[in-house]
Amino acid sequence: MKKRWWHNSVAYQVYPKSFLDTNNDGIGDLRGITEKLDYLHELGIDVLWISPFFKSPMKDNGYDISDYKEIDPIFGTMRDFDEMLEKANQLGIRILVDLVVNHTSDEHDWFEESRQSKDNPKRDWYIWKDGKQPNNWRSCFGGSVWEYDEKTDSSYFHYFHKGQPCLNWENKEVRDTIFEMINWWLDKGIGGFRVDAIEVIKKTRLDENFEVDAADGLASAYPGCRLVKGIELFLSEMAEKTFNQYDIMTIAEADIRIEDQELWTGPNGFFDMAFQFKSSKLDTELGFWHRPRTFDLLEYKEAIASEQYPLNDQTWAAVWLENHDVPRSITKYLGNDSPLEAHKMLGASYFFLRGTPFIYQGQEIGMRNIRYSSIVQYDDIASIDQYDRAIEEGYTNEQALGFVYNRSRDNTRYPMQWDNSKNYGFSKTDPWLEINTEFPEITVENALKDQSSLLYFYKDMISLRKSEEFKELFSYGTFEMILDKDPSIFAYLRIYDDKKVLVINNFTDRLVLLNLDYKVNKVLLNNIENDDININEIRPYQSLVLDVE
Ligand code: NOJ
Ligand code: CA
């Protein structure tokens, strides 16, 4: 396999609004990121994905862009960006920008023009149909995918919020303009892109009604938008005209089909890797938060294996536990009262999988979900919509808030907990989203003072992945799950040439006896201190990374 600079990287995601506020207006900013680059460098991070910071009315916190080439004033200026980029590059940290090209904001000039008249030159840049509700599809954040516009007695299509009209990728001018914008950013020297919602850029069956699936009388739009045949043409054109001209790293946000791994991430693939959702979306039915499902380790392992096994020496993956769209992993998989060993184990369970590991801000110190007492305290549009839907389905306020607590995107969006001062050092002013007062002891400051903290465990995991002795194995080694029918243990082998590493994780609070036949050469990592390890007696929540034969 051709070697790439990012093959041994460990990436970190920043949600800029909530990372660090340096001018005390209550909102995180680019200078805040620059200030914390040393912290990230110290941790061992060498790729940084930053969620959108472009000009935006912030209906979906920046995933609704009104100018792709401007920094939103709440985050700072282009000079701040250039300074951040320069310092990052000096530290050997490559910056990945969030590329949001399925849609723009409804306040983007292109859309303002498009809505003026049916014969406006930009009319076809978006998806318009005559009349009020051309079909019964539901948008991601609730309500119809169609928004009626009186001015021309027609409706525009929005897969996400009505403030996020979908661009019409069938239009060549649209594609060319996007490609030009992509290259404009690449020429600035960024390290690449995380590519938002790219699996839904092509639409089909827009004239059809789908079978109603909930009390709102609508149907999910996903089948008409996800991985529609022909999307390959757009994606290969994009790769050819932009990404392939640079030595960068790209990650598609896309639940690609297992059989498409090579097409998407192979040597001539559209991207380098993808963020997939097969294991993360098991906690609800069809994405309805009021239809929760209980965690089942066997099902979880199967989902992970289904993403790992298709990988070969031509393809790549991204592995992750948290991002700005999902709950905190400790709350989700272990419960808030679980012990520190369990948090380390959860980290190790995904960190040594095949692919590039991503850490989301605050994950490294064990931040948990946030409990707001009223729906008005939430900012996330998905939370508000899912709350309303639960009420519509007949649940009480308390029940609906319970669903939102488990699933809200604000769980990962409330301010980062840096130190023990006011607002955890995030800002001197009241932040844009209320802080979490439930876990005041969880701060970077405390973690740095304690050698046994989760933060140091993450640091150890990163060093191990990058160690001279094992970096080839963790980058290029094959994946093989063992004990796949064991309901308590999640274990796998990574194998490269004559080297073998075994990762064993006990997801329960009980001692688990095994019957394994490996000779242990060396203990590379053990989350339980001063423990005489026995490969066939795995302590509660124990995690072992072992060099074996
Ligand atoms: C996926 C992003 O991660 C999410 O935060 C956003 O709401 C949608 N795409 C729409 O851009
Ligand atoms: Ca600020």
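Atoms within a ligand are numbered from 1 in the order they appear, just like the ligands themselves. Owing to the predicted nature of the structure, the values given are computational and were not obtained by experimental measurement. Keep in mind that the numbers below use all heavy atoms, side chains included, and drop hydrogens, waters and symmetry copies.
Contact annotation: for Arg194 versus ligand 1, heavy atoms closer than 4.0 Å belong to the side chain alone. Here Tyr15 has no heavy atoms under 4.0 Å from ligand 1, in either its backbone or its side chain.
Distances from the Ca ion (ligand 2) show that Ile27 has an N/O/S atom below 3.0 Å. With 3.0 Å as the limit, Asn23 counts as an N, O or S neighbour of the Ca ion (ligand 2).
Taking a 6.0 Å sphere around NZ of Lys55, one finds it holds 12 or fewer heavy atoms contributed by other residues, nucleotides or ligands. Counting heavy-atom neighbours within 6.0 Å of Lys278 NZ, excluding the residue itself, gives a total above 12.
Counting atoms of ligand 1 from 1 in the listed order, those under 4.0 Å from a heavy atom of Asp60 are 6 (C), 7 (O), 10 (C). Taking every non-hydrogen atom of Arg409 and a distance limit under 4.0 Å, the qualifying atoms of ligand 1 come out as 4 (C), 5 (O), 6 (C), 7 (O). Residue-ligand proximity, Arg413 to ligand 1, at heavy-atom distances under 4.0 Å covers atoms 5 (O). Under a 4.0 Å criterion applied to the non-hydrogen atoms of His324, ligand 1 contributes the atoms 2 (C), 3 (O), 4 (C), 5 (O).
Annotation: cation-pi pair Lys132/Tyr148 present, NZ/CZ under 6.0 Å from the ring centroid and within 45° of its normal. Within the cation-pi definition used here (under 6.0 Å to the ring centroid, within 45° of the axis), Arg94 does not qualify as a partner of Trp6. Judged by a 6.0 Å distance limit and a 45° cone about the ring axis, Lys36 is positioned over the six-membered ring of Trp418. Figure legend: cation-pi geometry between Lys17 and Trp432, with NZ or CZ positioned under 6.0 Å from the six-membered ring centre and within 45° of its axis.
Side-chain atoms of Glu199 come within 3.5 Å of backbone N or O of Asp255 as a donor-acceptor pair.
Annotation: atom 9 (N) of ligand 1 to nearest protein heavy atom, Asp196 OD1, 2.9 Å. Ranking protein heavy atoms by distance to atom 8 (C) of ligand 1, first place goes to Phe160 CE2, 3.7 Å.
The atom of Asp29 nearest to the Ca ion (ligand 2) is OD2, with the search restricted to N, O or S atoms.
Residue contacts with ligand 1 do not include Lys59, since none of its heavy atoms lies under 4.0 Å from the ligand. Remark: distances from the non-hydrogen atoms of His103 to ligand 1 include one below 4.0 Å.
Side chain to side chain, Thr22 and Asp29 meet the donor-acceptor criterion of an N or O pair below 3.5 Å.
Salt-bridge check for Arg293 with Asp283: failed, with every basic side-chain N at 4.0 Å or more from each acidic carboxylate O.
Of the listed options Ile198, Asp64, Asp325, Asp325 places a heavy atom closest to atom 4 (C) of ligand 1.
The ring of Tyr360 has its center no closer than 6.0 angstrom to the ring center of Tyr15.
Angle subtended at the Ca ion (ligand 2) by Asp25 OD1 and Asp21 OD1: 80°, rounded to 10 degrees.
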